[in-house]
Structure formats: structure tokens, C-alpha cells
Amino acid sequence: MPSSTIPINHINSLFYLCSAKLSKYKMISFSSFKFTLLLPLMVGCLMAASASNFNNDFDITWGDGRGKIVNNGEVLTLSLDKSSGSGFQSKNEYLFGKIDMQLKLVPGNSAGTVTAYYLSSKGSTWDEIDFEFLGNLSGDPYILHTNVFSQGKGNREQQFYLWFDPTADFHTYSILWNPQSIIFSVDGTPIREFKNMESIGVPFPKNQPMRIYSSLWNADDWATRGGLVKTDWTLAPFTASYRNFNADACVWSNGASSCKSTATSTNSAWFSQEMDSAKQQRLQWVQKNYMIYNYCNDANRFPQGLPPECSMS
């Protein structure tokens, strides 16, 4: 997302976090269905996977040729040089869904660069669900920055190191968004949950359809060590790659959802999905060992008191 289009309070909150001193990070069985019953499901899954094509699902929206769809629509790449970054957005809008995308981030010295991958609505009271990957010097870990905006209010940042090198291969970054919660996952491991807490006055994204956006852009005024480390343009172009997009989601079009809306109807399993005990344990493992910032632990930032959802965490 180019800096000219980012809400100013979004930039301020990111700058605040990235200026802070961060601590170093610490170091299925199958059921017994008959094959004849499983085969149609397997074929269906394979057909759905093979049908994924970036030409059908996304538009490259800026970058003057720096964003490209290649390999017969199977791969999308974004590039950044000193003149410009690049970005794309989904053709569809969604109101709830499970969104998966595989990314391979900028390798080597990525200091100063930001790869953003997020859902967002429009307007002054927009909703937004963010993954942002803050580049770093060679050998230093990427910072995975997450945030949730509801009705134009964010300031709900959590940041993580990853337990692998996100530049060596593709990894799957997922957003499960249903009426009960928003769950961020990496390779199937949940890293964050933002629950619907409207009962205590916390707005929850549930009424505004959102598009998927992604961009690669220069943010060396704040992204790496609070702006102390600048982008090394001799290494440009910087490139991030995307593949295997999948949206099991409610598509919003002409004021209506593609999902059934009656109380007795059932949508896909994700619509009512919650984390089981195994997922809860994985979430706790990530947050204990790899979380490096949590707004709910930053009392100095909120002198009038922590946000109300923090008391429920």
C-alpha cells in the first residue's frame, strides 16, 4: 500500500511501534471413510486448487509494470525500486471468509521495505485486517505486524518474529473472518485471535465488505529500527512473490452476499469455526515464544487505560 494512501493514524501507530526497542525472540490422523466416498471430495479439492488464477481474481492497480502475473496466472510478483513500488487488489469484495495466500518475501537485505497483505473496506470509518511484513538487514528476522481496524479505529497492533525464514520458500498466511472472531494463521498455526466483543462496546468488523489488497513499498523512514536503517537501492529491484490464493468466502455483490443468510441455513464450516484445544495450545506457543509486541501490554501508550478488549484477553 503506497504511503500516500495510508490513513495517517495507521502510519503513526506503526511509527510508534517500530521506534520502540524490541526484544530478541526466543528460540492428523484420517477418519475411516471409504475411499469411494473420499474420492469425489479429493477430486473437487484438486479442481478448486487448479482453478486458482490471478488473472481471474486480482487486478494490478499501481506500479507502472512493476507488478506482474506470470506462469499462466499461477504466480503474481510485486517489485520495488527507487522510483516506485507496486500493488494489487481483488476483483471481489468479501463479507466474512477464510482467505489463504502463499507469499515468499523479499530476500537478503530488505531493510526499509514493507510488504502489506490485508483486507480493507473504504470510507472514513473503514474496517481492516492487516498482515504487514517489515523488512530487515540480512540475517536479522522479518517482523510480522498485525492490526485490526473497526469503524476507522485501529491501534490494536501485535508483532511477531517467525520461526522460519519467510524468504527461502512460500508460506501460507491466512485470515479466518467470521461473525465470532478474526484468526490470523501462518502455515495453519494461529498466531492471533481478535474476538467479537461488541457485548462490552468494542466494534467488530461485520457490516462492511472488504477487498484484498497487497503492496510492496518503501517505508525506510520508519520500517526498520524506527527509520535508522535505510533502503539500500543498489540492491533494487526488491521482489515479493504470491501463489495459491484461495478464498472460501462470502462474495458481496450488488448489495447482497453469496452466502445463505437465513438462521436455519448452514454456510461452510469456517462460518462458525472456533479454535479447538490443539489450536489454542499452538496459539499460546507462538505468543509465548515469538510475540515481540502486544498493545494490551503497553500501559504507557494508553495512559487513560488499556482498551476494553484487553481485559478479556
Side-chain angles (χ1 to χ4, degrees), residues 28 30-31 33 37-59 69 73-76 88-103 116-121 127-131 146 148 170-196 204-214 241-276 278-280 282-283:
I28 295 182
F30 292 95
S31 55
F33 291 117
L37 295 176
L38 280 175
L39 183 58
L41 297 175
M42 295 166 62
V43 172
C45 289
L46 290 172
M47 290 175 64
S50 64
S52 178
N53 187 306
F54 280 101
N55 289 305
N56 298 333
D57 296 320
F58 293 94
D59 293 315
I69 298 174
E74 293 181 359
V75 175
L76 188 152
F88 64 85
Q89 71 179 43
S90 63
K91 295 179 186 291
N92 288 326
E93 290 183 294
Y94 304 96
L95 187 61
F96 304 124
K98 185 177 185 300
I99 310 294
D100 302 318
M101 184 81 82
Q102 290 193 330
L103 280 73
Y117 161 56
Y118 60 106
L119 291 164
S120 182
S121 63
D127 295 335
E128 187 172 326
I129 305 169
D130 289 341
F131 278 113
T146 66
V148 176
F170 286 90
H171 292 269
T172 303
Y173 302 90
S174 305
I175 295 169
L176 172 64
W177 170 35
N178 63 29
Q180 295 79 240
S181 67
I182 297 165
I183 300 173
F184 298 76
S185 297
V186 178
D187 289 338
T189 294
I191 64 169
R192 178 178 186 176
E193 181 179 29
F194 183 80
K195 293 182 178 180
N196 184 335
F204 185 82
K206 67 172 188 178
N207 297 316
Q208 300 187 69
M210 297 195 257
R211 293 189 191 275
I212 301 165
Y213 297 87
S214 191
S241 301
Y242 303 73
R243 73 179 187 189
N244 290 346
F245 165 72
N246 183 68
D248 186 2
C250 301
V251 175
W252 187 265
S253 180
N254 298 318
S257 171
S258 63
C259 294
K260 298 176 183 178
S261 58
T262 62
T264 57
S265 298
T266 54
N267 296 292
S268 297
W270 59 262
F271 196 80
S272 58
Q273 181 178 336
E274 297 179 351
M275 285 193 290
D276 58 20
K279 292 286 189 181
Q280 290 280 3
R282 292 294 288 173
L283 174 69

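Residue numbers count from 1 along this sequence. Both backbone and side-chain heavy atoms feed into the values below; hydrogens, waters and symmetry mates do not.
A donor-acceptor pair under 3.5 Å is formed between the side chain of Ser214 and the backbone N or O of Ala116.
Remark: Asn244 CG to Asp100 CG distance equals 9.5 Å, nearest 0.5 Å. Between the NZ atom of Lys206 and the CZ atom of Phe96 there is a distance of 8.0 Å, given to the nearest 0.5 Å. With rounding to the nearest 0.5 Å, the separation of CD in Glu193 from CD in Gln280 is 6.0 Å. How far NZ of Lys98 is from SG of Cys250: 14.0 Å, rounded to the nearest 0.5 Å. Note that the CD atom of Glu93 and the CG atom of Leu119 stand 11.0 Å from one another [nearest 0.5 Å]. With values rounded to the nearest 0.5 angstrom, Gln273 atom CD is found 5.0 Å from Leu176 atom CG.
The side chain to side chain donor-acceptor pair (under 3.5 Å) search around Ser121 returns Gln208, not counting sequence neighbours. Under the rule for a ring-ring contact (aromatic ring centres under 6.0 Å, His included), Tyr94 has no partner lying at least two apart in sequence or in another chain. By the salt bridge (Lys or Arg N to Asp or Glu O under 4.0 Å) test, Lys279 pairs with no residue at all, sequence neighbours left out.
Residues Tyr242 and Met101 come closest through the heavy atom pair CD2-CG, 4.0 Å. Pairing each heavy atom of Asn55 with each of Gly73, the nearest pair is ND2-CA, 3.6 Å. Across every non-hydrogen atom of Thr172 and Ser174, the tightest pair is CG2-OG, 3.6 Å. Closest heavy-atom contact between Leu283 and Arg192: CD1-N, 3.4 Å. Heavy atoms only, all atoms of each residue included: Ala249 and Ser258 are closest at O-OG, 4.0 Å. Residues Ile183 and Met275 come closest through the heavy atom pair CD1-CG, 3.7 Å.
A heavy-atom distance below 4.5 Å is found between the side chains of Phe245 and Ile212. Trp177 places a side-chain heavy atom less than 4.5 Å from the side chain of Met210. Residues Tyr118 and Ile175 form no side-chain contact, since every pair of their non-hydrogen atoms from C-beta on lies 4.5 Å or further apart. Between Ser90 and Arg211, the closest side-chain pair of non-hydrogen atoms falls below 4.5 Å.
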>> Checking Ser257 against Leu95 for the side-chain contact (heavy atoms from CB on, under 4.5 Å) test, could you report, in this order, the C-alpha distance in whole Å, the side-chain angles of both residues, the deciding distance, and whether it holds?
In response: CA-CA 7 Å; Ser257 171; Leu95 187 61; 5.6 Å; no

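The only option from Tyr213, Phe58, Tyr117 that meets the ring-ring contact (aromatic ring centres under 6.0 Å, His included) definition with Phe88 turns out to be Phe58. Each of Asp59, Asp57, Leu76, Val75 was checked for a side chain to side chain contact (heavy atoms under 4.5 Å, CB included) with Ile69, and the lone residue meeting it is Leu76.
Taking the six-membered ring where tryptophan is involved, the planes of Phe194 and Phe204 are essentially parallel, since the angle between them stays under 30° and well short of 60°.
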